[in-house]
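Everything on this sheet refers to the single structure shown next.
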Amino acid sequence: MTEQKPYSDMTEHELNGEIARLREKARKAEQLGIINEFAVLERKATMAAAYLLDPADFKPGEVYRIEGDPNVYFQIDYLKGRFAWGYRMGGEKHTEALPISMLRPLKEGK
């Protein structure tokens, strides 16, 4: 088995290929009813997608939509690597980290 190259060392082309491969494996796992494997593969694809984005495009103090979680908003306190640390709006203010690929600007699509 070949050793997996870290996402940080992959080119954009390699990352897109890895994301496609992971999503295809996730789709097959879902069809087979292997929900745990599906969730792990989807999370890996989300992490790989974070390496296609520039963390400088995400600003502390701003609020973003969370992909796949409609009507839930996330305020960034700070960034560390490809993770945005902050909290979900409207609930208990406990700090959590989300990959930046899960965040969408509020004004997107307008």
Could you tell me the separation between the [atom1] atom of [X] and the [atom2] atom of [Y], rounded to the nearest 0.5 Å?
{"X": "D54", "Y": "R82", "atom1": "CG", "atom2": "CZ", "value": "7.0 Å"}
{"X": "R43", "Y": "M102", "atom1": "CZ", "atom2": "CE", "value": "5.0 Å"}
{"X": "T95", "Y": "R88", "atom1": "OG1", "atom2": "CZ", "value": "12.5 Å"}

Measure across [X] and [Y] and return the closest heavy-atom pair with its distance rounded to 0.1 Å.
{"X": "E67", "Y": "S101", "answer": "OE1-O, 4.0 Å"}
{"X": "A29", "Y": "F38", "answer": "CB-N, 3.9 Å"}
{"X": "G61", "Y": "Q75", "answer": "O-NE2, 3.4 Å"}
{"X": "I19", "Y": "A45", "answer": "CG1-O, 3.9 Å"}

Stepwise salt bridge (Lys or Arg N to Asp or Glu O under 4.0 Å) test for E30 and R27: CA-CA 5 Å; E30 184 179 36; R27 185 187 65 76; over 6 Å; no
Does [X] belong to the same Ile/Leu/Val/Met/Phe/Trp/Tyr cluster as [Y], with side-chain heavy atoms less than 4.5 Å apart forming each link?
{"X": "I76", "Y": "I100", "result": "yes"}
{"X": "M47", "Y": "L98", "result": "no"}
{"X": "L41", "Y": "Y51", "result": "yes"}
{"X": "V72", "Y": "F74", "result": "yes"}
{"X": "L79", "Y": "I66", "result": "yes"}

Whether K93 side chain and G90 backbone form a donor-acceptor pair below 3.5 Å: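 Absent.
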Under the salt bridge (charged side-chain N to carboxylate O under 4.0 Å, His left out) test, residues paired with E14 that sit two or more places apart: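 With sequence neighbours excluded, E14 shows a salt bridge (charged side-chain N to carboxylate O under 4.0 Å, His left out) to K5, given in chain and number order.
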Under the salt bridge (charged side-chain N to carboxylate O under 4.0 Å, His left out) test, residues paired with R21 that sit two or more places apart: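 R21 satisfies salt bridge (charged side-chain N to carboxylate O under 4.0 Å, His left out) with E18 only.
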Test log, rule side-chain hydrogen bond (donor to acceptor under 3.5 Å, both in side chains), inputs Y87 and E96: CA-CA 6 Å; Y87 58 92; E96 64 179 305; over 6 Å; no
Which residues share a ring-ring contact (aromatic ring centres under 6.0 Å, His included) with Y64, sequence neighbours left out: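 If we apply the ring-ring contact (aromatic ring centres under 6.0 Å, His included) test to Y64, skipping adjacent residues, the hits are F58.
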Neighbour count above 12 (heavy atom, 6.0 Å) for D57 CG: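 Above 12, so yes.
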Parallel, tilted or perpendicular: rings of W85 and Y78 (30°, 60°):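 Rings of Y78 and W85: parallel, as their planes differ by under 30°.
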Test side-chain contact (heavy atoms from CB on, under 4.5 Å) applied to K28 and R23, step by step: CA-CA 9 Å; K28 289 178 181 176; R23 292 212 168 121; over 6 Å; no
Beyond-backbone contact of L52 with E12, side-chain heavy atoms, under 4.5 angstrom: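 Sidechains of E12 and L52: in contact.
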